[in-house]
Amino acid sequence: MDELKEQRILEFVLQNAVRGDPQSVVDNIDQYCRHKEWAMNVGDEKERQTMCRVVEERAPSIALELGTYCGYSAVRIAKLLKPGARLLTIEMNPDNAAVAKQIIEFAGVQNTVQVLEGSSADIIPNLKEKYQVDTLDFVFLDHWKDRYIVDTKLLEECCLLRTGSVLLADNVVYPGIPDFLEYVRFCGRYDCTNYPSHVQYMNKEDALEKAVFKGYI
Ligand SMILES: Nc1ncnc2c1ncn2CCCCCNC(=O)c1cc(-c2ccc(F)cc2)cc(O)c1O
Ligand SMILES: [Mg+2]
């Protein structure tokens with residue numbers, strides 16, 4: 001079976017990044033994806049700055065990511081978390097989960113980031129009992145675009161959000177998630193902010209949407 005692109009990203013990181021240095025790991029993934037092969041986890045500079053700023057503003061104790069892919073954004077988020085904080089990241093594709101675990105371990109953030117292999121639909125209802133989650137301070141949505149709205153409603157139904165919980169959704173313009181945008185903007189339970197960005201190399205408009213939960217109104 002020919003090697004997967006994600007395997008080539010992992011090899012490049014293992015050969016070129018500095019073990020235990022998260023910045024070196026994300027810089028090398030950026031470099032590989034800029035010069036060798038585009039990958040869907042590498043947003044443009046503005047998107048990365050926005051994601052980092054939103055995480056730093058919220059300073060989450062417990063964060064959730066939907067769609068780990070190679071672990072790039074998980075390493076970026078982990079770098080910003082305060083001591084004792086943790087990130088749970090859900091990845092359905094076992095090959096991607098395996099790559100992400102190795103990249104997260106190489107970056108030295110394996111004590112902060114836990115990769116949960118499976119579908120968000122199956123794992124979210126178990127977060128309280130199985131993963132000792134009370135409520136989530138921050139959720140980064142970056143998985144299948146038709147799962148954003150379903151999983152947002154599931155997070156509400158499972159009482160995993162509290163007043164002030166921050167949802168940050170990638171790709172709300174491209175590939176685009178119109179049903180999720182309409183839901184968070186008009187259901188009355190979220191304060192929303194849009195952050196324009198671009199899809200790397202394709203000169204296509206994209207954006208991140210921040211939705212702050214106001215409570216179970
Ligand atoms: N736990 C779970 N539950 C459900 N699905 C799960 C999952 N865990 C994983 N997946 C499956 C996620 C598959 C990757 C999702 N991301 C994307 O599809 C994505 C695509 C682009 C893109 C941009 C320009 C183009 F020309 C083409 C594509 C950009 C992005 O930033 C993207 O995040
Ligand atoms: Mg994305």
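For ligands, and for the atoms within them, numbers begin at 1 and follow the listed sequence.
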Visitor: Around the Mg ion (ligand 2), list the protein N/O/S atoms within a radius below 2.8 Å, excluding water molecules.
Guide: D142 OD1, D170 OD2, N171 OD1
Visitor: Please determine whether residues L66 and L87 belong to a single hydrophobic cluster, defined as Ile, Leu, Val, Met, Phe, Trp and Tyr linked transitively by side-chain heavy-atom distances below 4.5 Å.
Guide: no
Visitor: What's the shortest heavy-atom distance between G71 and A100, and which atoms?
Guide: N-CB, 3.8 Å
Visitor: For the residue pair F180 and Y148, does the interplanar ring angle fall in the parallel (under 30°), tilted (30 to 60°) or perpendicular (over 60°) class?
Guide: perpendicular
Visitor: Taking C-beta and beyond as the side chain, do N126 and E129 meet within less than 4.5 Å on heavy atoms?
Guide: no
Visitor: Would you call the rings of Y216 and F213 parallel, tilted or perpendicular, where under 30° means parallel and over 60° means perpendicular?
Guide: perpendicular
Visitor: For a 4.5 angstrom cut-off between non-hydrogen side-chain atoms, does I90 reach I124?
Guide: yes
Visitor: Exactly which residues line ligand 1, taking a heavy atom under 4.0 Å from it as the test?
Guide: W38, M40, G67, I90, E91, M92, G118, S119, S120, D142, H143, W144, K145, D170, N171, Y174, P175, V199, M202
Visitor: Do Y131 and I104 land in one hydrophobic cluster if side-chain heavy atoms of ILVMFWY residues count as linked below 4.5 Å?
Guide: no
Visitor: Report the C-alpha distance between D137 and R162 in whole Å, list the side-chain angles of each, state the deciding distance to 0.1 Å, and finish with yes or no for salt bridge (charged side-chain N to carboxylate O under 4.0 Å, His left out).
Guide: CA-CA 8 Å; D137 303 315; R162 55 149 176 89; 2.6 Å; yes
Visitor: Looking at D170, D151, N93, T68, which hits side chain to side chain donor-acceptor pair (under 3.5 Å) with H143?
Guide: D151
